[in-house]
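All remarks here apply to the structure that follows.
Labels below follow one simple rule: chain letters A, B, ... track the order of the sequence lines, proteins then strands, and each chain is numbered from 1. Note that the coordinates shown come from a computational prediction; the quantities given were computed from them, not determined experimentally.
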Amino acid sequence: MNYRLLYFASLRDRAGCAAEAVESDAADPRALYAQIAARHRLELAPEKLRVAVNGEFAAWDRVLADGDEIAFLPPVSGG
Amino acid sequence: MNYRLLYFASLRDRAGCAAEAVESDAADPRALYAQIAARHRLELAPEKLRVAVNGEFAAWDRVLADGDEIAFLPPVSGG
Amino acid sequence: MSAFRLAEIPIDGAALGRELASASAGACVSFEGWVRNHNQGKAVQRLAYQAYPALALAEGERILAETAARFAIEQALCVHRVGDLAIGDLAVWVGVSAAHRDAAFAACRHVIDEIKARVPIWKNEFYADGFSGWLHPDGSPVAE
Amino acid sequence: MSAFRLAEIPIDGAALGRELASASAGACVSFEGWVRNHNQGKAVQRLAYQAYPALALAEGERILAETAARFAIEQALCVHRVGDLAIGDLAVWVGVSAAHRDAAFAACRHVIDEIKARVPIWKNEFYADGFSGWLHPDGSPVAE
């Protein structure tokens, strides 16, 4: 399936881009993160991240659909 | 002795003036208030008031000196 | 300039906020007291504040000094209006800067509570029914 | 206009305060987060905030709606900067109006606490030693 990935903060620095299109057989965010973490050598463990799908927070086992936009969010630090 | 009295809020309305000079034999604020309360028909009991002498809070039994400026202060309501 | 001030003209909160500016402060909390159109169920049309200036300035300054000693803040300022005010007018402004927000919130709250309880300033409310009344700190009318 | 906003240009706290004006409000509490020249013992030279705009706006709006439901307030607004900021710049502004000050203080504190904990905005601090780092909500560096 085709997904669009968004990267923020330290993940963006590590991935070297703010967004990318990926083709993947991962069916949920957990499997998808394992793939991209290996490819970009991301070191933040999933327990430290939150997931968003199509602009809303989502669960790690959410079933993904073709064309979904997925973001893995590092701990926030606004304010 | 000669005192200068300052009036504020409801006491000013009742006394009909913001300040007045009085000659009195009262030796402390307690005795002085009894005299002026009778003259101006002030109805606020002394327990509801605070005393200031020469611009600082003072006790009801403070010994007054000739020329002192005395204010009897109703409960405040700023803010 | 003193940290506690009385103002006979409108208070400029933005200008006061700039007086608190500091490179080492991360938080600034301000409180504004506005003239409200009602109190204890009565419609209020306007207010007048009367102060005992010499004592109000001394007591206000004492409150700000006590606050600076008690909380981890950088600076605290307070300005209180006197004279005639209309609905919506800014009656009192308190601003506190600090490295962190815990102290800024706590100190700002402390200042306005103490100002209301201790500073010789009196509020006279003028009501829609034509009556007026001096108030206690809790907003209830003075018996006299 | 939305109650929660992201700003790429300097925040005008005075203009935001005027949006809160109300004849029935007696209290207005505002919080300003300023860029501080130090954090956890390190000298900070400047900051950059990065946001996930779609989700930040939705989550910020949710926080303000929850706050309005939970506290007796009239209105709550929040604006957060994104992009590059210098020491002393206003990074986040929260303002709350209410009939009484208890609710205004509590709600303002609640908003800034929740914004810091939940809204997808990230702070990158640039240090005097030439290094930079993304931060956790508690101000400590992200491990990666």
Side-chain angles (χ1 to χ4, degrees), chain A residues 2-22 28-30 32-62 64-65 67-79, chain D residues 4 6-7 31-36 39-40 47-63 78-82 85 90-94 108-109 111-125 131-144:
Chain A
N2 291 292
Y3 301 125
R4 183 176 162 78
L5 286 171
L6 305 179
Y7 297 108
F8 297 98
S10 58
L11 296 187
R12 179 179 295 185
D13 292 351
R14 192 57 78 107
C17 61
E20 65 178 349
V22 298
D28 63 19
R30 190 179 313 277
L32 184 59
Y33 185 71
Q35 293 177 355
I36 64 143
R39 181 157 57 87
H40 290 304
R41 299 171 197 268
L42 306 180
E43 285 166 13
L44 274 175
E47 310 85 70
K48 297 202 170 171
L49 303 172
R50 296 186 74 181
V51 181
V53 176
N54 300 328
E56 287 295 340
F57 291 115
W60 283 94
D61 59 359
R62 166 166 173 150
L64 294 174
D68 276 352
E69 182 181 79
I70 299 113
F72 300 105
L73 308 173
V76 302
S77 51
Chain D
F4 181 83
L6 296 171
F31 170 82
E32 297 189 356
W34 296 345
V35 178
R36 211 174 47 201
N39 184 33
Q40 305 217 335
L47 283 189
Y49 282 103
Q50 205 177 85
Y52 180 3
L55 186 50
L57 292 170
E59 189 70 357
E61 207 68 33
R62 252 191 302 270
I63 289 168
C78 177
V79 182
H80 201 298
R81 274 298 305 278
V82 290
L85 279 78
L90 178 48
V92 57
W93 184 94
V94 179
C108 185
R109 178 64 198 255
V111 169
I112 186 60
D113 287 353
E114 294 295 303
I115 295 288
K116 281 173 170 274
R118 293 165 49 185
V119 174
I121 297 174
W122 296 271
K123 180 184 345 198
N124 199 359
E125 289 188 339
F131 287 89
S132 72
W134 294 99
L135 300 184
H136 278 153
D138 66 359
S140 66
V142 171
E144 170 136 317

Indicate yes or no for a side-chain donor-acceptor contact from D:Tyr49 to the backbone of A:Ser77 under 3.5 Å, with no hydrogens or angles considered.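 Looks like no, no N/O pair under 3.5 Å.
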Of the backbone (N, CA, C, O) and the side chain (C-beta and beyond), which part of D:Arg118 lies under 4.5 Å from a heavy atom of chain A, both, or neither? backbone
Is it the side chain or the backbone of D:Ala56 that comes within 4.5 Å of chain A heavy atoms, both, or neither?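 The answer is neither part of D:Ala56.
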Considering all heavy atoms of both residues, which atom of A:Leu73 and which atom of D:Leu55 are nearest to each other, and what is their separation? CD1-CD2, 3.7 Å
Between D:Pro120, D:Ala54, D:Ala91, which residue shows the highest count of heavy-atom pairs closer than 4.5 Å to chain A?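 Heavy-atom pairs under 4.5 Å are most numerous for D:Pro120.
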Among all residues two or more places apart in sequence or in another chain, which pass the ring pair (Phe, Tyr, Trp, His ring centres under 6.0 Å) test with D:Tyr52? A:Phe8
Nearest 0.5 angstrom please: A:Leu44 CG to D:Trp134 CH2, how far? 12.5 Å
Salt bridge (charged side-chain N to carboxylate O under 4.0 Å, His left out) pairs, two or more places apart, involving residues 47-58 of chain D: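 Sorted result for residues 47-58 of chain D: empty, none.
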